[in-house]
Amino acid sequence: MENGVLLPSLQSALPFLDLHSIPRLEFHQTVFDELREKLLERVSTIASEGKDGNRYSKLEELLEKCFPLVKMPSIQPVVMCVMKHLPKVPEKKLKLVMADKDLYKACAVEVKRQIWQDNQALFGDEVSPLLKQYILEKENILLSSDLSVLHNFFSLSPKTRRQGEVVHKLTQMIGKNVKLYDMVLQFLRTLFLRTRNVHYCTLRAELLMSLHDLDVSEICSVDPCHKFTWCLDACIREKYVDAKRARELQGFLDGVKKGQEQVLGDLSMILCDPFAINTLALSTMRSLQELITQESLPRDNHELHLLLRMLSLGLGAWDMIDSQVFKEPKLDAELITKFLPLLMSLVVDDYTFNVEHKLPTEEKVPVTYPNTLPDVFTKFLLENRIACEIGLYYLLHITKQRNKNSLLRLLPAIKETYNDTGFTDIFLHLFTSNLTLLSEEFGSEEFCGHIFEGFFLVSLTK
């Protein structure tokens, strides 16, 4: 009687439950559950209505009353709900939650954020498995045998990639908390520095753009790379840097003020993302083809210079972050005056060879396809990382065009490249997917010899 529900009308109804053999415990439990649901609803209502100070003081009072019962499974949801709606949970209570594994596990991500922002090691423990999972997912795509020209590592659009599980979870964990966002960026920089794994650069860009998609202005407005990344993201989506966006990107790079050079470290990391490098390299190839059509030289083309400048920044990201010297790497003038014209001459060789083949028989002079490369060209591939990247993308381009002659001419030079770039997972993945177009050629023993003994098996001895 003393602990029952004190409603006069209820007393006469209880014997009716007895007649149906319903225990009082079950009845009281049902009433309790109903009251708890009503209380949870009320807490949410208080949190969303009224003046800040007033509503939060009510919730703080309620937290004081119910927190001592936090370990009771029936009351715990109420405590967790109150803490979730408080923008600042008292420090003492956060420490008690952090010290108890079960309580920490049960509390909402909003409460965990308040714990994490003053406890970097604990946040690192939560983030670390997600970063490992992300790298593993990227490597699984690269090493997958299910690949073709239309279905490869770079096929997914940026928006689709951002909807992946890891990016989604990290975005949730960060919420609108700038301090946690900075911590994640610091983890990514440290891991990139330790492992040289470029997928951390992809995650850096994807995370920022995921927060951009969710309109988290609290973070986007303070990240100095936001507008640059947004513009670059649009280029990656199109797989091409057009003239208008090139000017915008140049404006961001030129706008780095004195004293803010550290931003270059972050910009270089965003440009080091393989998806950005892929877009810049494809745009460079397209630009060179346009120059050949216009019979112009690379030194006169400003857009090409900007593409090379961004490639240089991206490919030099690790060195910049490692040395902490935040200065744009100087472009080698010979890259523009010697290497690119040489590469264009290889393309012209192809054009002239094809034209001569189509000439009528009486005018035809027997022509043989040149099978060697100038020494200076192979030297560039070995000593200059930008030249090496462009050379590799030229090889991918001719393979995609099923140009067997040019492929066999260039392939021996790829055995010795800057930092063995020719044997990285990303290049081999793209090269193999493009080789599927030459399936008929693999019927020839000579062709197989060039591809396997001449190139793929060389990597095993390295």
Side-chain angles (χ1 to χ4, degrees), residues 127-128 130-142 153-154 156-162 164 166-167 170-171 174 181-212 219 223-237 239 241 249 252-253 256 262-283 307 309-324 326 328-329 385-386 388-389 392-393 419 421 424-427 429-430:
V127 169
S128 184
L130 290 173
L131 301 184
K132 279 179 189 156
Q133 182 189 334
Y134 183 85
I135 298 299
L136 204 63
E137 282 170 8
K138 292 285 181 201
E139 285 172 354
N140 285 343
I141 299 171
L142 278 176
F153 184 70
F154 294 112
L156 290 176
S157 74
K159 193 119 187 177
T160 313
R161 285 189 282 118
R162 293 200 284 276
V166 173
V167 177
L170 283 172
T171 310
I174 291 165
Y181 176 68
D182 283 340
M183 275 190 214
V184 174
L185 295 195
Q186 194 50 52
F187 294 150
L188 292 175
R189 278 185 215 108
T190 308
L191 287 163
F192 174 52
L193 211 50
R194 195 182 298 161
T195 62
R196 288 181 182 255
N197 194 323
V198 288
H199 301 312
Y200 289 117
C201 302
T202 310
L203 185 52
R204 160 77 173 94
E206 281 181 2
L207 190 58
L208 174 55
M209 286 311 295
S210 173
L211 291 161
H212 165 88
I219 290 174
D223 189 328
C225 304
H226 171 228
K227 285 183 178 169
F228 182 86
T229 311
W230 185 9
C231 184
L232 188 63
D233 186 72
C235 300
I236 293 171
R237 191 178 60 236
K239 289 192 169 66
V241 182
L249 291 167
F252 295 129
L253 288 177
V256 175
Q262 217 162 338
V263 174
L264 279 175
D266 269 340
L267 289 176
S268 70
M269 204 170 159
I270 282 158
L271 286 166
C272 185
D273 163 16
F275 289 86
I277 297 285
N278 180 56
T279 304
L280 294 170
L282 289 174
S283 302
L307 291 171
R309 181 184 171 188
M310 289 194 287
L311 268 175
S312 172
L313 250 178
L315 295 169
W318 190 89
D319 294 327
M320 187 184 286
I321 297 168
D322 180 50
S323 65
Q324 293 288 294
F326 299 106
E328 272 195 57
R385 64 174 146 218
I386 306 164
C388 174
E389 199 69 32
L392 292 175
Y393 267 84
N419 263 356
T421 315
T424 54
D425 290 346
I426 293 174
F427 173 72
H429 169 92
L430 292 174

Does [X] have any side-chain hydrogen bond (donor to acceptor under 3.5 Å, both in side chains) partners at least two apart in sequence or in another chain, and if so, which?
X: Glu139; value: none
X: Thr421; value: none
X: Glu206; value: Tyr134, Arg161

Who are the side chain to side chain contact (heavy atoms under 4.5 Å, CB included) partners of [X], not counting sequence neighbours?
X: Asp322; answer: Leu193, Trp318
X: Lys132; answer: Ser128
X: Asp319; answer: Arg385
X: Ile219; answer: Ile174, Val178, Tyr181, Leu211, Val216

Within the structure provided, determine whether [X] and [Y] are in side-chain contact (heavy-atom separation under 4.5 Å).
X: Cys272; Y: Ile277; answer: no
X: Leu282; Y: Val241; answer: no
X: Leu232; Y: Met209; answer: no
X: Leu185; Y: Leu208; answer: no
X: His226; Y: Thr229; answer: no
X: Asn278; Y: Phe153; answer: no
X: Pro329; Y: Leu313; answer: yes
X: Arg237; Y: Thr279; answer: no

task: Would you confirm whether Lys239, through its side chain, and Leu280, through its main-chain N or O, come within 3.5 Å as a donor-acceptor pair?
output: no

- request: Keeping the roles fixed (side chain from Thr171, backbone from Ser210), state whether a donor-acceptor pair exists under 3.5 Å.
  value: no

Among all residues two or more places apart in sequence or in another chain, which pass the salt bridge (charged side-chain N to carboxylate O under 4.0 Å, His left out) test with [X]?
X: Asp223; result: Arg204
X: Asp273; result: none
X: Arg309; result: Asp254, Glu328

task: Would you mind listing every side chain to side chain donor-acceptor pair (under 3.5 Å) that reaches into residues 192-201, with sequence neighbours excluded?
output: none

task: Any chance you could lay out the salt bridge (Lys or Arg N to Asp or Glu O under 4.0 Å) test for Asp266 and Arg189, step after step, and finish with the verdict?
output: CA-CA 9 Å; Asp266 269 340; Arg189 278 185 215 108; 3.2 Å; yes

message: Return the CG to CG distance between Leu430 and Leu392, rounded to the nearest 0.5 Å.
response: 10.0 Å

message: Working to the nearest 0.5 angstrom, can you tell me the gap between Lys227 NZ and Leu249 CG?
response: 13.5 Å

- request: For Phe252, enumerate each residue passing the ring pair (Phe, Tyr, Trp, His ring centres under 6.0 Å) test, keeping only those at least two apart in sequence or located in another chain.
  value: none

- prompt: Which heavy atom in Leu311 sits nearest to a heavy atom in Ala281, and how many Å separate them?
  reply: CD2-N, 4.5 Å

- request: Would you please test Leu267 and Val256 for side chain to side chain contact (heavy atoms under 4.5 Å, CB included) and show each step?
  value: CA-CA 10 Å; Leu267 289 176; Val256 175; 4.2 Å; yes

